Amino acid sequence: NMAAPSAPRPPRPRKEPQPLVIPRSAAEEQRLRLERLMRNPEKTVPIPEKLNEWAPRPPPEFVRDVMGSSAGAGSGEFHVYRHLRRREYQRQDFMDAMAEKQRLDEEFQKKLERNKIVAEEQTAKRRRKRQKLKEKKLQAKKNKLEQKKQEK
C-alpha cells in the first residue's frame, strides 16, 4: 500500500481543547459520559457484547504420550502428571460451580413463583373486599330509596 510516499497528507482537523472535569459522584460521571455521547449524535455507539463464560477444554479423546510400563517415570513425567491433575481439578470445580449456579437459579425461579402466587392471592382478597363494600353501598342505597317510598 506504499503507492505514493511523497504525496502530502491533508492536515487533520484540530479538536477544540476540552476543559478537564473531575466527576465528584457516579451520577456526575454518567452525566459527563452522556454529554460526550450526545456531542456527536451521528456517531455510532459501541455496545459491548456479553462475554461468554470460561469453560474448561474437554478431555482428549486419544491420549498420545502414555507412560510405558517397562521402566520408572522420567524426570519430566511428574510435570505432565501435575498439569493433567490441575486441569482435571479445574474441570471438576467448574462442574461443581455450574451445578451450584443451576441450583440457585432454580431456587430463584421457585421463589418468584411463590411470590407471584402470594401476590395474586392478596389481590384476589382485596378484590373480594372491594366487591363487598360496593354491594353494601348499593344495598344501603336501595334501602334508603325504599324507605323514602314508604314514607310517601
Side-chain angles (χ1 to χ4, degrees), residues 1-68 72-142 144:
N1 205 1
M2 299 288 285
S6 61
R9 214 188 231 163
R12 285 174 63 190
R14 304 287 285 174
K15 288 182 183 174
E16 72 270 0
Q18 299 290 321
L20 177 68
V21 181
I22 297 163
R24 287 177 182 79
S25 67
E28 196 175 343
E29 184 179 353
Q30 199 68 8
R31 186 178 54 75
L32 289 171
R33 283 184 182 170
L34 269 174
E35 282 173 9
R36 192 176 68 221
L37 279 175
M38 292 313 288
R39 251 179 246 147
N40 187 358
E42 280 78 49
K43 189 176 172 189
T44 58
V45 180
I47 297 171
E49 288 182 19
K50 186 175 173 266
L51 291 170
N52 47 349
E53 291 178 8
W54 175 88
R57 68 174 175 209
E61 270 112 53
F62 183 77
V63 182
R64 278 186 175 72
D65 45 1
V66 180
M67 186 171 57
S75 59
E77 219 57 43
F78 171 70
H79 301 291
V80 172
Y81 161 74
R82 193 186 65 189
H83 291 308
L84 288 172
R85 184 184 62 179
R86 199 203 88 235
R87 201 172 293 144
E88 179 59 19
Y89 283 162
Q90 208 173 23
R91 191 180 71 84
Q92 286 176 357
D93 287 345
F94 173 76
M95 281 164 50
D96 291 346
M98 291 309 285
E100 179 68 11
K101 187 180 172 195
Q102 197 174 358
R103 188 184 65 80
L104 288 174
D105 280 350
E106 283 171 4
E107 266 182 28
F108 179 70
Q109 289 302 326
K110 282 179 187 169
K111 192 175 177 184
L112 279 183
E113 279 297 311
R114 280 198 301 271
N115 288 353
K116 198 174 172 183
I117 290 167
V118 166
E120 281 172 3
E121 283 172 358
Q122 278 289 80
T123 307
K125 191 175 174 183
R126 287 179 182 150
R127 187 185 299 120
R128 282 196 300 270
K129 198 172 178 180
R130 281 195 306 270
Q131 289 298 113
K132 266 188 183 174
L133 278 172
K134 225 179 198 179
E135 284 171 15
K136 265 188 179 176
K137 278 184 180 176
L138 280 172
Q139 193 62 41
K141 218 176 189 181
K142 279 182 184 174
K144 205 173 187 183

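These numbers come from the heavy atoms of this one structure, side chains and all, not from hydrogens, waters or symmetry mates. What you see is a predicted model, and the numbers here were worked out from it, not measured in a lab.
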Could you tell me whether L112 atom CG has more than 12 heavy atoms of other residues or ligands within 6.0 Å of it? yes
Closest approach of F94 to W54 (non-hydrogen atoms, all atoms of both residues): CE1-O, 3.1 Å
Looking only at non-hydrogen atoms, find the nearest pair between I22 and E28 and report the distance. O-OE2, 4.3 Å
Which atom pairs, donor and acceptor, lie under 3.5 Å between side-chain atoms of residues 81-93 and protein residues at least two apart or in another chain?
| from | atom 1 | to | atom 2 | distance (Å) |
| --- | --- | --- | --- | --- |
| E88 | OE1 | R91 | NE | 3.1 |
| E88 | OE2 | R91 | NH2 | 2.9 |
| E88 | OE2 | Q92 | NE2 | 3.2 |

Taking T123 as the fixed residue, which of R127, K125, R126 is the one that meets the side-chain contact (heavy atoms from CB on, under 4.5 Å) rule? R127
Considering only NZ, NE, NH1 and NH2 on the basic side and carboxylate oxygens on the acidic side, decide whether E29 and R33 come within less than 4.0 Å. yes
If you measure from the Lys or Arg side-chain nitrogens to the Asp or Glu carboxylate oxygens, is any gap between R103 and E107 under 4.0 Å? yes
Show your working on salt bridge (Lys or Arg N to Asp or Glu O under 4.0 Å) between K110 and E106 and close with a plain yes or no. CA-CA 6 Å; K110 282 179 187 169; E106 283 171 4; 5.5 Å; no
Distance in Å, [X] [atom1] paired with [Y] [atom2], rounded so as to fall on 0.5 Å steps:
X	Y	atom1	atom2	answer
Q131	E135	CD	CD	6.5 Å
K132	R128	NZ	CZ	8.5 Å
R114	K116	CZ	NZ	14.5 Å
E120	N115	CD	CG	11.5 Å
K101	E53	NZ	CD	3.5 Å

Quick one: do E35 and R31 satisfy side-chain contact (heavy atoms from CB on, under 4.5 Å)? Show the steps, please. CA-CA 6 Å; E35 282 173 9; R31 186 178 54 75; 2.8 Å; yes
Please determine whether side-chain contact (heavy atoms from CB on, under 4.5 Å) holds for the pair L133 and K137, giving the CA-CA distance in whole Å, both sets of side-chain angles, and the decisive distance to 0.1 Å. CA-CA 6 Å; L133 278 172; K137 278 184 180 176; 5.7 Å; no
